[in-house]
Amino acid sequence: QVQLVESGGGSVQAGGSLRLSCAASGYSRDMRCMGWFRQAPGKEREGVAVIYTDDQAIFYVKSVKGRFTISRDNAKNTVYLQMNSLKPDDTAMYYCAAGVECRITARFGTMTPDETSYNYWGQGTQVTVSS
């Protein structure tokens, strides 16, 4: 059973930075990718970034491209999300997920990770950005 534990959330002012970590245990080699999703109050959960296991390909949703960086340390089974130039709109609960299919889908005119294609989820870590 794969378990994912996020850490690193907190409160920062706009323009600040945070680094989220996701430690995976019981990691299955069937998992093709790990990704970060977020859910703001009153909004649907949205994909943020994905890193693929086999070719290390990376996907970012348009709203975070150039500000967020996803990376992984295979030796530690840990995935990171470095978040720079944070905005109040980035305020959300951030979730780590691992998946087999790891689909990217079009949603409201934007390409985004398809959360239904992820098999395991962490409990989340809160990120709050004040103006």
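In this text, all values refer to a predicted model and were calculated from it rather than measured experimentally.
Looking only at distances, a side-chain donor or acceptor of Glu6 sits under 3.5 Å from a matching main-chain atom of Cys96.
The number of heavy atoms from other shown groups lying within 6.0 Å of CD (Gln123) does not exceed 12.
Of the listed residues (Val129, Val12, Val127), just one forms a side-chain contact (heavy atoms from CB on, under 4.5 Å) with Thr91, and that residue is Val129.
Chaining together hydrophobic side chains whose heavy atoms lie under 4.5 Å apart places Met111 alongside Phe37, Val50, Tyr52, Phe59, Met93, Tyr95, Ile104, Tyr118, Trp121.
For the atom pair Gln39 CD and Glu46 CD, the distance stands at 9.5 Å (nearest 0.5 Å). With rounding to the nearest 0.5 Å, the separation of CD in Glu44 from OG1 in Thr112 is 10.5 Å. Once rounded to the nearest 0.5 Å, the distance linking CD of Gln82 with CD1 of Ile70 reads 12.0 Å. For the atom pair OG (Ser131) and NZ (Lys87), the distance works out to 13.5 Å, reported to the nearest 0.5 Å. Here the CD atom belonging to Gln126 is positioned 7.5 Å from the OG atom belonging to Ser11, to the nearest 0.5 angstrom.
In this structure, the side chains of Asn119 and Val2 stay at 4.5 Å or more apart for every pair of heavy atoms. For the pair Leu20/Met83, a side-chain contact is recorded, criterion being any heavy-atom separation below 4.5 Å from C-beta on. Looking at Arg103 and Thr116, their side chains come closer than 4.5 Å, going by heavy atoms from C-beta outward. Side-chain contact check for Leu86 versus Phe68: some heavy-atom pair is nearer than 4.5 Å. Looking only at side-chain heavy atoms (C-beta outward), Asp90 and Arg67 come within less than 4.5 Å of each other. Considering only heavy atoms from C-beta on, Gln56 comes within 4.5 Å of Ile51 through its side chain.
Residues Leu18 and Gly9 come closest through the heavy atom pair CD1-C, 4.5 Å. Across Tyr60 and Lys65, no two heavy atoms sit closer than the pair O-CE, 3.8 Å. For the residue pair Ser21 and Thr78, the shortest heavy atom distance occurs at CB-CG2, 4.3 Å. In this structure, Asn84 and Ser17 approach most closely via the heavy-atom pair OD1-OG, 2.9 Å. The two residues Ser130 and Pro88 have their closest heavy-atom pair at C-CG, 4.5 Å.
Residues Trp36 and Ile58 share a single hydrophobic cluster, defined by chaining ILVMFWY side chains whose heavy atoms lie under 4.5 Å apart. Under a hydrophobic clustering in which Ile, Leu, Val, Met, Phe, Trp and Tyr are joined whenever their side-chain heavy atoms come within less than 4.5 Å, directly or via other members, Val61 and Tyr80 fall into different clusters.
Every residue was checked against the side chain to side chain donor-acceptor pair (under 3.5 Å) condition with Arg19, not counting sequence neighbours, and none meets it. In this view, Arg32 satisfies the salt bridge (Lys or Arg N to Asp or Glu O under 4.0 Å) rule with no residue, not counting sequence neighbours.
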Side chain to side chain contact (heavy atoms under 4.5 Å, CB included) evaluation trace for Arg72 with Thr53: CA-CA 9 Å; Arg72 67 185 298 159; Thr53 303; 3.3 Å; yes
